[in-house]
Amino acid sequence: QVQLGESGGGLVQPGGSLRLSCAASGRTFSTYGMGWFRQRPGKEREFVAAINWSGDNTYYAESVKGRFTISRDNAKNTVYLQMNSLKPEDTAIYYCAASYRYLSGPFFPNYWGQGTQVTVST
């Protein structure tokens, strides 16, 4: 069982930056690939980014490539999402997710966090 808790959401102006964090419980964090998804108003939940257990392989949605960076610190059981050049269309609830033994490519979560709101607006 893995429990996930996101933090770092908030209100930011267009062009600004935010860093989301996701803390995971358990001593098996390093066996899980980690990912971020988001759900925009009136839309289905969509994939944003993923990272494998060692942190040397990442995968991004086209809509965020070049603006968002996913990283992890296995010593802290934490995964991060650095979001730069934010746009109003990035407004969403952002969810952290864990996928057992994920290596690369499409990401299928086994566990979800509760989500954190990100609002990009003037």
Side-chain angles (χ1 to χ4, degrees):
Q1 187 79 9
V2 176
Q3 293 183 321
L4 305 172
E6 302 94 336
S7 61
L11 174 64
V12 63
Q13 292 187 345
S17 298
L18 274 179
R19 188 176 81 155
L20 305 182
S21 300
C22 173
S25 67
R27 290 176 284 183
T28 59
F29 178 71
S30 61
T31 64
Y32 285 83
M34 300 297 296
W36 289 94
F37 288 71
R38 68 185 181 187
Q39 188 161 14
R40 294 185 277 186
K43 305 283 189 179
E44 294 187 352
R45 194 174 299 190
E46 62 181 359
F47 170 78
V48 174
I51 189 166
N52 70 336
W53 70 273
S54 61
D56 61 358
N57 191 26
T58 56
Y59 183 58
Y60 295 93
E62 286 296 324
S63 59
V64 306
K65 200 173 290 185
R67 299 188 299 122
F68 291 11
T69 302
I70 188 170
S71 61
R72 66 189 295 161
D73 184 338
N74 286 345
K76 295 182 179 179
N77 280 15
T78 301
V79 63
Y80 305 96
L81 185 68
Q82 177 67 44
M83 304 186 294
N84 298 329
S85 302
L86 282 161
K87 306 174 182 180
E89 53 263 42
D90 294 317
T91 294
I93 300 173
Y94 283 74
Y95 296 91
C96 176
S99 178
Y100 186 61
R101 293 190 181 276
Y102 169 81
L103 294 177
S104 64
F107 186 92
F108 300 100
N110 300 115
Y111 301 100
W112 292 94
Q114 294 298 308
T116 185
Q117 176 71 47
V118 172
T119 302
V120 185
S121 176
T122 56

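Values in this document were obtained by computation on a predicted structure and should not be read as measured data.
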Look only at the side chain of [X] and the backbone of [Y], and say whether a donor-acceptor pair between them is shorter than 3.5 Å.
X: Arg45; Y: Ile93; result: no
X: Asn74; Y: Ser30; result: no
X: Glu6; Y: Gln114; result: yes

Using side-chain heavy atoms (C-beta onward) and a distance below 4.5 Å, is Gln117 in contact with Leu11?
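They are not in contact (no side-chain heavy atoms under 4.5 Å apart), so the answer is no.
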
All pairs passing ring-ring contact (aromatic ring centres under 6.0 Å, His included) where residues 48-95 contributes a residue, at least two apart:
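Residue pairs with at least one partner in residues 48-95: Phe47-Tyr59.
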
Would a hydrophobic clustering, with Ile, Leu, Val, Met, Phe, Trp and Tyr connected at side-chain separations under 4.5 Å, put Ile70 with Trp112?
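In one cluster with Ile70: Trp112, no.
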
Look at the side-chain heavy atoms of Ile, Leu, Val, Met, Phe, Trp and Tyr, link any pair under 4.5 Å apart, and say whether Phe37 and Leu18 land in one connected group.
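Per the 4.5 Å side-chain linkage, Phe37 and Leu18 are not co-clustered.
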
To the nearest 0.5 Å, how far apart are CG in Asn77 and CE in Met34?
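So the CG of Asn77 and the CE of Met34 are separated by 9.0 Å.
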
Measure the CG-CG distance between Asn52 and Asn57 for me, rounded to the nearest 0.5 Å.
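So the CG of Asn52 and the CG of Asn57 are separated by 5.0 Å.
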
Would you mind writing out the side-chain donor-acceptor pairs for residues 97-107 within the sub-3.5 Å range, not counting sequence neighbours?
{"unit_1": "Ser99", "atom_1": "OG", "unit_2": "Phe108", "atom_2": "O", "d": "3.0"}
{"unit_1": "Tyr102", "atom_1": "OH", "unit_2": "Gly105", "atom_2": "N", "d": "3.1"}
{"unit_1": "Tyr102", "atom_1": "OH", "unit_2": "Gly105", "atom_2": "O", "d": "2.6"}

Using distance only, find each side-chain donor-acceptor pair of residues 83-90 under 3.5 Å and give its atom names and separation, not counting sequence neighbours.
{"unit_1": "Asn84", "atom_1": "OD1", "unit_2": "Ser17", "atom_2": "OG", "d": "2.9"}
{"unit_1": "Asn84", "atom_1": "OD1", "unit_2": "Gln82", "atom_2": "NE2", "d": "2.9"}
{"unit_1": "Asp90", "atom_1": "OD1", "unit_2": "Arg38", "atom_2": "NH1", "d": "2.9"}
{"unit_1": "Asp90", "atom_1": "OD1", "unit_2": "Arg67", "atom_2": "NH2", "d": "3.0"}
{"unit_1": "Asp90", "atom_1": "OD2", "unit_2": "Arg67", "atom_2": "NH1", "d": "2.7"}
{"unit_1": "Asp90", "atom_1": "OD2", "unit_2": "Arg67", "atom_2": "NH2", "d": "3.4"}
{"unit_1": "Asp90", "atom_1": "OD2", "unit_2": "Lys87", "atom_2": "N", "d": "2.8"}

Just checking Gln39: does its CD atom have more than 12 heavy atoms from other residues, nucleotides or ligands closer to it than 6.0 angstrom?
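Check passes, neighbour count above 12.
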
Among residues two or more places apart or on two chains, list those pairs meeting disulfide bond (SG atoms under 2.5 Å apart) that have a residue in residues 13-122.
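Every disulfide bond (SG atoms under 2.5 Å apart) pair that includes a residue of residues 13-122, provided the two are not neighbours, is Cys22-Cys96.
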
Qualifying disulfide bond (SG atoms under 2.5 Å apart) pairs with a residue from residues 57-95, counting only residues at least two apart or across chains:
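Non-adjacent pairs meeting disulfide bond (SG atoms under 2.5 Å apart): zero.
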
Using side chain to side chain donor-acceptor pair (under 3.5 Å) as the criterion, list what pairs up with Arg40, not counting sequence neighbours.
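Expected list: Glu46.
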
